[in-house]
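Here the structure is laid out as structure tokens; the discussion comes afterwards.
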Amino acid sequence: AQSVTQLGSHVSVSEGALVLLRCNYSSSVPPYLFWYVQYPNQGLQLLLKYTSAATLVKGINGFEAEFKKSETSFHLTKPSAHMSDAAEYFCAVRGSNYQLIWGAGTKLIIKP
Amino acid sequence: ETGVTQTPRHLVMGMTNKKSLKCEQHLGHNAMYWYKQSAKKPLELMFVYNFKEQTENNSVPSRFSPECPNSSHLFLHLHTLQPEDSALYLCASSQEVLADTGELFFGEGSRLTVL
């Protein structure tokens, strides 16, 4: 069965610093992996996705994620945090019934 | 209007009330979903509709009753809810249920408080 673990319910970084949000997955089949972002008082929107092509995936707003099969990881990074990046980030893997299985989310806090 | 629209944005109800949540998508998608979002928990998939037909019901209590009259509209009828049902209810749509893209388009949610 597929599952997703996001390490850290809250991550705090200073503006301009590197953002690293961690996601580990479990999947019995080659995974399809996703990062979604939820800004305050809004629904979720797709940030980026891995669907078995390039292992380094670029998304919107300067975010990228690298698929590492040996580590079963799909960590999200951004070189320089901006105040507008403050949001909750969700990692997900596509399950055997094609529905998404979600992590519990990581709230990103940006310090001025 | 564009995207996925949910009404009402906020709802407070007693345990004996009957209310409904409404979702409308303007994207021409064929699949619609209800999710429950509670703090510090993964999103819980409740129901999936594909071309107006229900394809998933994840053991949701019968006090939640979905309705999908067409591919653009989805309702969640609520009755005799419990305080633990208080949560953000998110509606989403996608081009197809079994799409490889996995991209879901979400509404802003309906914040439900059960007293």
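Side chains are part of it too, since the values below use all heavy atoms of this structure and drop only hydrogens, waters and symmetry mates.
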Bottom line for A:Gln6: the part with an atom under 4.5 Å from chain B's heavy atoms is neither

Between the CG atom in A:Leu46 and the CZ atom in B:Phe105, the distance rounded to the nearest 0.5 Å is 7.5 Å

If one checks every heavy atom of B:Val4 against chain A at 4.5 Å, the contacting part turns out to be neither

Are B:Leu21 and B:Tyr33 grouped together when hydrophobic residues (ILVMFWY) are joined by side-chain heavy atoms under 4.5 angstrom apart? no

To the nearest 0.5 Å, atom OG1 of A:Thr51 lies from atom CD of B:Glu103 at 11.5 Å

Most contact-rich option vs chain B, by heavy-atom pairs under 4.5 angstrom, among A:Leu44, A:Leu100, A:Ile101, is A:Leu44

dist A:Gln99:CD -> B:Glu56:CD (nearest 0.5 Å) comes out at 5.0 Å

Please tell me if the side chains of A:Tyr36 and B:Leu104 come closer than 4.5 Å, counting only heavy atoms from C-beta onward. yes

Taken to the nearest 0.5 Å, the spacing of A:Glu88 CD from B:Gln37 CD works out to 6.5 Å

Open item on the list: Taking A:Trp35 as the starting point, is it possible to reach A:Tyr39 by hopping between hydrophobic residues whose side chains are less than 4.5 Å apart?
Closed with: yes

Closest non-hydrogen atoms of B:Pro42 and A:Trp102, given as atom of the first, atom of the second and distance, are CB-O, 3.3 Å

- Transitively linked via ILVMFWY side-chain contacts under 4.5 Å: B:Val60 with B:Tyr89? yes

message = Membership question, hydrophobic clusters at under 4.5 Å side-chain separation (ILVMFWY): are A:Ile109 and A:Val37 in the same one?
response = no

message: For the backbone of A:Asn41 and the side chain of B:Arg9, can you confirm whether one donor and one acceptor N or O come within less than 3.5 Å of each other?
response: yes

Residue from B:Lys41, B:Glu44, B:Arg111 scoring the most non-hydrogen pairs under 4.5 Å with chain A is B:Lys41

Assess the residue pair A:Gln38 and B:Leu43 against the criterion (side chain to side chain contact (heavy atoms under 4.5 Å, CB included)); give the C-alpha distance rounded to whole Å, side-chain angles, the decisive distance to 0.1 Å, and a yes or no. CA-CA 12 Å; A:Gln38 185 177 30; B:Leu43 268 71; 6.0 Å; no

Are B:Phe106 and A:Ile60 connected into the same hydrophobic cluster when the rule is that any two of I, L, V, M, F, W, Y join if their side-chain heavy atoms are below 4.5 Å apart?
no

Output for pair (B:Lys40 NZ, A:His10 NE2), nearest 0.5 Å, gives 6.0 Å

The interface call for A:Phe90 against chain B, heavy-atom contacts under 4.5 Å, is side chain

